[in-house]
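Notes follow once the structure below has been shown.
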Amino acid sequence: MMARNRQQKSDGNQALEEALGALATGLPRVGWRFFSGAPMDGQPRTDATWTHRGTRTEREDGRQAHRWDYLARLERAGFRWAGSAAVAGTGYAYTQDPTTTLECLQVGGFSAGTAASAWVGYRLMDGAVTWRHHRDWVWPLHVALREKLGYPEGTKPSRYIHVPVNYDEITGDAIRIDLPADFAGEDTIKTAVKTTVTNKLALQDVTFSWHTSGRNHHVLVSQSPRPPSKVLFSDPEVRKIIEGMPESAPLIGLSHRGRVVSVDLDSESPHVLVSAGTGGGKSVILRAIFAQLLKNGAQGAVLDRKRHSHKWVRGLSGVGYYREIEDIHDALIALGEEGERRNRIVDEWEGDDREAPVGPRMAILLEEANATIGKLKRYWTKIRDPKHDPKESPAIDALGEILFMGRAVKMHVLLVAQSATAAALGGPEMRENFATRILARYTRNAWNMLVPEVQPAPKSTRHVGRAQVVLGGAAHETQVVFFTDSEAREWAELGRAVATSQGHTTPVHLGKEGVTVTTEAVTDPAPAIPAQGGPSRLREDTEGFVKDMEALFATESTEATEAAQDTDVPVTLKQAVDEGIVSVSLSVLRKESSDKARGKEFPASVGVHAKTRGKLYRPSELKRWERNRPKAGQVIENED
């Protein structure tokens, strides 16, 4: 037993001696590591040196090191020396004057706590504001870039990716990406980085500046000048651009570096869809396109359930303005018949379909499709005969037929909707006919619904007149050209002579001069099919072609058509009041019909009464005028 106790005592003494020896030899080493800024365990975790911060982790497990380990050794040594000096100074001061030292510590602790609380609050607020930005833009960019740049797993995006929240509005050096210290600048990696950054952040027209010499390797992504803040028709340079645009490609606006953005209705997209939130400038966009088409000789039809979106177009020759749902219903049906008439002409034409003499271009402007389509459905449900009429609205069917018609018929729909869902437009197949889509002040859901092929979605902006024009799978940030109401009307009136009663000249490229197709020929109902024995094909000589076209458009007068015409026998203004055709007084009618104060939309007379010499008007046109006549005290909302 005594021998065992002596052995245990001997072992304990030996262990104590070894511990004291290790302490004696280890203290200097630990002190050196502490005051020189080295890791306390002697194992470096990054490639930081005495003077350069680390850029890559050296951990054996490959995970990201702590931010402290990325500091240069001199920086870490400075912090440790300062902390040691603070502790030693406080201890010495306490030995000299304990009361004052404690009071100073209390004040200092309160100040430090306040500063820490403010910093934490700032970080929390900043995180609350920018978390969506980091989730939608920074994190996807980090996932795609980390391996390409050689950063280890666990690297925080904020360590090397710096993307401002408003980067899409900054001109110049907007984005910075820090590169590893061993980045050699291989062309393949540079190309991959450029492609990734451009696609992930939905950038356009940017340049990359690589800084790989010296310390702090990084690349700067610079945004070229943005689209102009305003594009005004009153600007002589803008007007010059508009004057030089092709007849079928009206100017939409200007993009980066003043690049022209337009869509050719004949070769690219026959129809245009505009989707924008409240205040997104839907009516401004349509006004710009519609005014240019009218100036180039197009006829127009405005289907405006809001009643006031395009007041500037009221009274223009060759343009119909329809506000009441029954008028919109009838107008769409008539437009569908016009489209069918043009289709028959194209079918008979043996040359290039795009050169078929279908008549002037027809622009159909449909405002607020969300509300209009729904009201058309309800209106048809109310008036249809369940026994004989189809369940689907013929007006919506006519709109669908127009959308499906080819470019050769020269009928184009400019449709605007706040939320262009498939249900709102009458079905997904109808929405797919809009190859050009213009979006402004859009939500992410609206973008994914309308242009899912363009990802990621560019950030929406509230800049007035700024929109994304999407065509062919590419988005173009555009500042839309702005026409005032008076400018749009004056510009449209310059082209009204093209649609006068003298006819519309359409080149046929048959080696002869142009052929004139009269206005009656392009506005009459669908032409009858040529009778047996008639010309099987259109002759190519000018005189023969005109006769063939007249024969094609000729319709035999039937009893049914004569009966229909008898129901709209022209009457004088006094007869219209006496027979109850209109409810307004005779004095109002005379004032509105006078040449001096004639209302913009008062119907034109169709003749003179043989006895009284009073002007004659069609009852249907007088009824429509009264129905659409602005009421006294009517509240007019501001247009978008």
Side-chain angles (χ1 to χ4, degrees), residues 250-253 261-263 265 269-294 298 300-314 319-323 325 328 331-332 335 362-376 395-396 399-400 402-403 411-427 430-443 445-447 449-451 460 464-471 478 480-483 485 488 492 636-640:
L251 176 70
I252 298 177
V261 177
S262 65
V263 54
L265 299 176
S269 171
H271 311 298
V272 178
L273 169 65
V274 179
S275 177
T278 303
K282 300 183 293 291
S283 298
V284 171
I285 297 172
L286 291 180
R287 182 166 62 214
I289 300 175
F290 199 59
Q292 294 178 71
L293 291 176
L294 295 180
V302 181
L303 313 178
D304 182 15
R305 186 65 187 87
K306 291 171 63 176
R307 303 181 62 90
H308 60 269
S309 296
H310 299 278
K311 292 188 289 186
W312 63 274
V313 83
R314 295 180 186 175
V319 182
Y321 202 113
Y322 308 95
R323 284 156 287 185
I325 198 63
I328 295 175
L332 282 173
L335 289 169
M362 172 67 71
I364 304 167
L365 197 161
L366 177 56
E367 272 278 1
E368 296 300 339
N370 297 78
T372 303
I373 296 296
K375 288 184 177 294
L376 285 172
I396 298 178
L399 176 61
I402 295 172
L403 291 176
M411 296 185 71
H412 312 288
V413 177
L414 311 176
L415 184 144
V416 60
Q418 284 195 11
S419 179
T421 62
L425 302 184
M430 293 178 67
R431 190 175 65 188
E432 292 304 313
N433 287 284
F434 294 95
T436 298
R437 304 180 182 189
I438 304 175
L439 294 89
R441 295 194 181 181
Y442 47 84
T443 63
N445 289 336
W447 183 275
M449 175 181 63
L450 294 177
V451 283
S460 179
V464 178
R466 189 65 55 84
Q468 293 286 346
V469 180
V470 182
L471 176 63
T478 304
V480 178
V481 60
F482 177 78
F483 285 76
D485 285 352
I636 301 296
E637 302 175 359
N638 293 329
E639 60 179 281
D640 291 340

Flag the pair [X] / [Y] as yes when at least one side-chain heavy-atom distance between them is below 4.5 Å, and no otherwise.
X	Y	result
Val470	Leu450	no
Leu403	Leu415	no
Ile373	Leu399	yes

Arg466 meets the salt bridge (Lys or Arg N to Asp or Glu O under 4.0 Å) criterion, sequence neighbours left out, with Glu477

Smallest heavy-atom separation, Ala492 atom then Leu294 atom, equals CB-CB, 3.7 Å

Nearest heavy-atom approach of Leu251 to Val261 is CD1-O, 3.7 Å

Mind checking side chain to side chain donor-acceptor pair (under 3.5 Å) for [X] and listing every partner two or more places apart, or none if nothing turns up?
X	result
Glu367	Ser283, His310
Tyr321	Asp304
Ser262	none

Sub-3.5 Å donor-acceptor pair from the side chain of [X] to the main-chain atoms of [Y], do we have one?
X	Y	answer
Thr436	Ser269	no
His412	Pro270	yes
Glu368	Arg305	no

Across all chains, not counting sequence neighbours, the side chain to side chain contact (heavy atoms under 4.5 Å, CB included) partners of Val480 are Ile285, Ala467

With sequence neighbours left out, the residues meeting side chain to side chain contact (heavy atoms under 4.5 Å, CB included) with Ala363 are Phe290, Leu293

Quiz prompt | Audit row: Lys311, Asp485, side chain to side chain contact (heavy atoms under 4.5 Å, CB included) steps and yes/no | solution = CA-CA 8 Å; Lys311 292 188 289 186; Asp485 285 352; 5.8 Å; no

